[in-house]
2 protein chains.
Amino acid sequence: MYSYEYPHPAVTVDCVVFGLDDGGLKVLLIQRDLEPFALSWALPGGSIKLDEDLGQSARRELAEETGVTDLYLEQLATFGKPGRDPRERVITVAYFAIVNLLEHKVSPDTGARSAAWFPVDDSPPLAFDHRLILDLALMRLQSKLRNQPLGFEFLPEKFTLTQVQRLYETILCEGLDKRNFRKKILTTGLLVPLDEVEIDVAHRAAQLYRFDKEAYVRLQAQGYAFEI
Amino acid sequence: MYSYEYPHPAVTVDCVVFGLDDGGLKVLLIQRDLEPFALSWALPGGSIKLDEDLGQSARRELAEETGVTDLYLEQLATFGKPGRDPRERVITVAYFAIVNLLEHKVSPDTGARSAAWFPVDDSPPLAFDHRLILDLALMRLQSKLRNQPLGFEFLPEKFTLTQVQRLYETILCEGLDKRNFRKKILTTGLLVPLDEVEIDVAHRAAQLYRFDKEAYVRLQAQGYAFEI
DNA sequence: CCAAAAGTGTTAGAGATACACCCATGG
DNA sequence: CCATGGGTGTATCTCTAACACTTTTGG
């Protein structure tokens, strides 16, 4: 008989979705309508289905609960401390996601539960061990930003260098020198200038760039390591 | 009623345990005695218990199957593709471990199943998706080695600079300049020279060092980032 | 005295940092 | 013409990379 004699825990996915707007770095939370932690805010997520891969479950739950569909997603870590859910043993596979708030203007209230963006440094108490998960995701975001060209996931396809710099400054919580930053980011060769400039601004219009993902993949295969 | 209506998958842990000896980088595998994949080699691991944290499960399984107890352990990633186990849906939380082969001379045959160390670049076909897990672990090892002082986990408490250099060369698969390597590793301030030298060698005895973990933790808290 | 590995400094080049002003545009 | 942000170059310094010989020890 080919089967596991051991008791099976519940398995869920939870997503830490980051976005960036003028107010800074935001995280997407949903308000729970059921016990335990009814009315508390929590990371979007839910039970996996048995015929779905883990990443698919994460995308499905996000779409159902928040309407967010187009995003960068990667696995963060798995949390399974006994007692983290008062009902039963629940293992949760946490995902880390980035969504482009500027372009898609995601309205998170399309789902069944109420969802909202909170500043990461001023978010409400969270259900379960979700604070722990959020903190880990934030550390991961800061660390990955430095050695992977991940930041562009926050931006629209066409962006200015100032937008990129502000992004880094906001997430890393540190000021950066404009000239040095531009030199560094341009010498990677990963940004290609477009034949377009910003529009509708009350000052000199900035050059627009796009991120050349193909070039990055190519360089990466040759051992290139992005660093900012 | 506070419970999950969703079907529960099986949850296991699997460990990629690395060790280093004169023959290079090794990985610890066990030979399966049951179907599926009977007689195939596989990563040590097994079902979690409902009252155990995930890391504890990993340590318990390792001790039971291979006798290995004293090791560095961290979570790697979770694999849950439907069909990865032909019996039923199984989510496995993979762990990444390093054991000091030189000092402990682990005899992996103490467990119930036969266990053995294989060169990572010459290991047998593996059961399930364990090849995928091993490959990820190897990439993680190489990448972490560069920006965390993780390599010392492979070595005895007292070691020579040449041992450290050989370790880096073996795992990163690249030659390193002796003088530059020594300069770099010593200027971190994380290695403290002991009042001892190597013994029983047929040539000039080398200075012994130990890794100052406390210093690392202290520096890390101040924003220091190890890099080699 | 020979074999084997330990140990040690300098120079040139690349990359990082610090720093301030003029330009273009819209209102 | 003014306010706003866009855009640019140089000098210094620090870190990295390349490189070869002498010393110690045991056999």
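The chains referred to below are lettered A, B, ... by the order of the sequence lines, with proteins before strands, and numbering in each begins at 1. Small disclaimer: the values here were computed from a predicted structure and weren't measured. Keep in mind that the numbers below use all heavy atoms, side chains included, and drop hydrogens, waters and symmetry copies.
The residues B:Arg218 and B:Glu214 are annotated as not salt-bridged, no charged nitrogen and carboxylate oxygen being separated by less than 4.0 angstrom. In summary, B:Asp53 and A:Lys81 do not engage in a salt bridge, as defined by a charged side-chain N under 4.0 Å from a carboxylate O. Look at B:Lys26 and B:Asp21 and you find a salt bridge, because one of the NZ, NE, NH1 or NH2 atoms lies within 4.0 Å of a carboxylate O, short of that distance.
Atom CG in A:Leu186 sits about 11 Å away from atom C1' in D:dG7, given to the nearest Å. Taking atom CZ of residue A:Arg179 and atom P of nucleotide C:dA18, one finds them 12 Å apart after rounding to whole Å. With rounding to whole Å, A:Arg146 atom CZ is found 15 Å from C:dA16 atom C1'. Remark: C1' of D:dT14 and NZ of B:Lys184 are 14 Å apart, rounded to the nearest angstrom. For the pair B:Asp22 CG and C:dA5 P, the computed distance is 12 Å after rounding to whole Å. The distance from atom CD of B:Gln207 to atom P of D:dT24 is 14 Å, rounded to the nearest whole Å. Protein atom OH of A:Tyr209 is 9 Å distant from nucleotide atom C1' of D:dG7, rounded to whole Å. One can place CG of B:Leu176 at 17 Å from C1' of C:dG7, the figure rounded to the nearest angstrom.
With D:dG7, D:dA20, C:dA6 as the candidates, the nucleotide lying closest to the side chain of A:Ala206 is D:dG7. Nearest nucleotide to the A:Arg182 side chain, out of D:dG6, D:dG9, C:dA6: D:dG6. Each of C:dA6, D:dG27, C:dG7 was ranked by its minimum atom distance to the side chain of B:Thr162; first place goes to C:dA6. Comparing D:dG27, D:dG7, C:dC19 against the side chain of A:Asp177 picks out C:dC19 as the nearest. Of the candidate nucleotides C:dC23, C:dA4, C:dG9, C:dA4 has the atom lying nearest to any side-chain atom of B:His203.
At a cut-off of 3.5 angstrom, counting only N and O atoms as typed in the model, there is no donor on one side facing an acceptor on the other between the side-chain of B:Lys183 and the base of D:dT14.
Ranked by how close their nearest DNA chain C nucleotide is to the 5' end, A:Lys178 and A:Ala205 are led by A:Lys178. Between A:Asn180 and B:Arg166, the residue anchored closer to the 5' end of DNA chain C is B:Arg166, taking for each the nucleotide with the nearest heavy atom.
Counting non-hydrogen atoms under 4.0 angstrom, A:Glu198 reaches nothing in the nucleic acid.
Checked against the 6.0 Å centroid criterion, the rings of A:Phe152 and A:Phe159 qualify as a close aromatic pair. In summary, the aromatic rings of B:Tyr168 and B:Phe181 are positioned with their centroids under 6.0 Å apart.
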